[in-house]
Number of protein chains: 2
Amino acid sequence: MADTKKPRGRPSKFDPEASLEIAMRLFWAHGYEGTSVAELTDAMGINKPSLYAAFGSKEELFEKALQHYIAGPIAFVSAALDEPTAYRVVEKLLSESVHFLTAPDTPRGCMVNTGSLSCSKETAAVKETLAKYRQQFETSLTARLQRAQREGDLPGQTNPATLAKYIATLHQGMSTQAASGASREALLDMTRLVLDNWPSR
Amino acid sequence: MADTKKPRGRPSKFDPEASLEIAMRLFWAHGYEGTSVAELTDAMGINKPSLYAAFGSKEELFEKALQHYIAGPIAFVSAALDEPTAYRVVEKLLSESVHFLTAPDTPRGCMVNTGSLSCSKETAAVKETLAKYRQQFETSLTARLQRAQREGDLPGQTNPATLAKYIATLHQGMSTQAASGASREALLDMTRLVLDNWPSR
DNA sequence: ATATTTATGTACCATTCGGTAAATAAATAT
DNA sequence: ATATTTATTTACCGAATGGTACATAAATAT
């Protein structure tokens, strides 16, 4: 089942998957513009041509690191949408986000939120990519809340899009809070406050 | 009353106040690292030595532009704390923030939030300055809510610090939302939702 | 008129930026 | 053994970065 046929030329001395993980951590911690190619190659232990051969460009590497981030560390976000009720979706989303955003062994804050909020004109594409992902999340959450309304666990007078924007906004704000040093306990207290005032509890 | 005594040397051909306003707009729109000194001097119509003579360094200029921003465009934030009740403080704060963050003639988002969230290690000082200002706001709001509790317009079981963090988090999230293109109407709807679920209404 | 003071414009500094050309090293195919 | 293929290392590219030395221009003081 494994790849038994040996490749033709000189073997790579680095694992692209491991390098992607390293890139993710650096972009996560310092953003797109705050991370230089030299820092990336230093951390990966490779030279620049190897990076460009494997990933194309800094921007492509960022995109791939972003995919890696979405499929890995924040997979819990889309998983939370599978909870049975709107309340439990939001409960799980917020509480898991707090734990994630304040985890001791990973950068503070969410890469999708802090990766590139304001940037030079040249880097606007990256900024918009991240904005697109945030929008996708909000759209998915809206759809999930609409389903909840059909299934009767969300009051009919609540606007799902507005509620989704509310949760997305809180989530984005929590990312800033965590990146600025807010404690896990304080953010959990805040989550409790939000859930205690949930429209349909 | 005016400054009648003529200064000694060659007169300045630029107004430092106007230049500070220009710097504020650029930093506001593109952040600290996303704005280059060359872009600043171009927009101001001066040469670099004039900028350095007037403001010291890029970082000092940013600090002064930040003061200008806090004293000007977002003076309404501390002004909102003067409203008579906790509910009206928050109502004014959120609704005015939405109008401010989505104003058509100014950059989207709040400079204190988007000025430098993630950045290279070298620029960590600017990031922390902004985090400090956000913390100051949250602390002021906490104090205001404590006063509200003493004055009886906020239920005793509510934790002012938690409630203040909640509002601050929403505010920070709204900045990201606005910077990402959220419409004024959608954000006002969201504000309405928040206020309708206010703990002590 | 001349000296002094201040701000200007020009030209430059070392460093870093993202990215690449070219030579070389290490593997397999024949 | 030799050719071919692939990835490596080294060295470099032009442009942009934040910041400054230096000569000059424009004002006042004497």
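Each chain gets a letter, A, B and so on, in the order its sequence line appears, and its residues count up from 1.
A heavy atom lying under 4.0 Å from DNA chain D marks the following residues of residues 43-54 of chain A, by number: A/Asn47, A/Pro49, A/Ser50.
Across the interface with DNA chain D, nearest-nucleotide mapping of B/Ala38 and A/Ser12 shows A/Ser12 to be the residue nearer the 5′ end.
Within the 3.5 Å criterion, the main-chain N or O of A/Val112 finds a donor-acceptor partner in the side chain of A/Arg134. The backbone N or O of A/Thr158 sits less than 3.5 Å from a side-chain atom of A/Gln149, completing a donor-acceptor pair. Using a distance-only test at 3.5 Å, with no hydrogens or angles considered, a donor-acceptor pair links the side chain of A/Lys58 to the main chain of A/Tyr32. Between the side chain of A/Trp28 and the backbone N or O of A/Gly109 there is at least one donor-acceptor pair closer than 3.5 Å.
Distance from the side chain of A/Arg8 is smallest for C/dT28 among the nucleotides C/dA26, D/dT8, C/dT28. Comparing D/dA7, D/dT17, C/dA29 against the side chain of B/Ser36 picks out D/dT17 as the nearest.
Using cut-offs of 30° and 60° for the angle between ring planes, the A/Phe27 and A/Phe62 rings count as perpendicular.
Between B/His99 and B/Glu96, the closest side-chain pair of non-hydrogen atoms is not below 4.5 Å.
If you check the side chains of B/Ser57 and B/Glu59, you find no donor sitting under 3.5 Å from an acceptor.
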Dot-bracket assigned to DNA chain C with the 3.5 Å Watson-Crick/G-U criterion, [ ] for crossing and | for other-strand pairs, is ||||||||||||||||||||||||||||||
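Tested against A/Thr102, the residues A/Arg184, A/Gln177, A/Glu185 include a single side-chain hydrogen bond (donor to acceptor under 3.5 Å, both in side chains) partner, A/Arg184.
If you check every strand for non-hydrogen atoms under 4.0 Å, B/Thr35 touches sugar and phosphate atoms only.
What separates CZ of A/Arg10 from P of D/dA7 is a distance of 10 Å, to the nearest Å.
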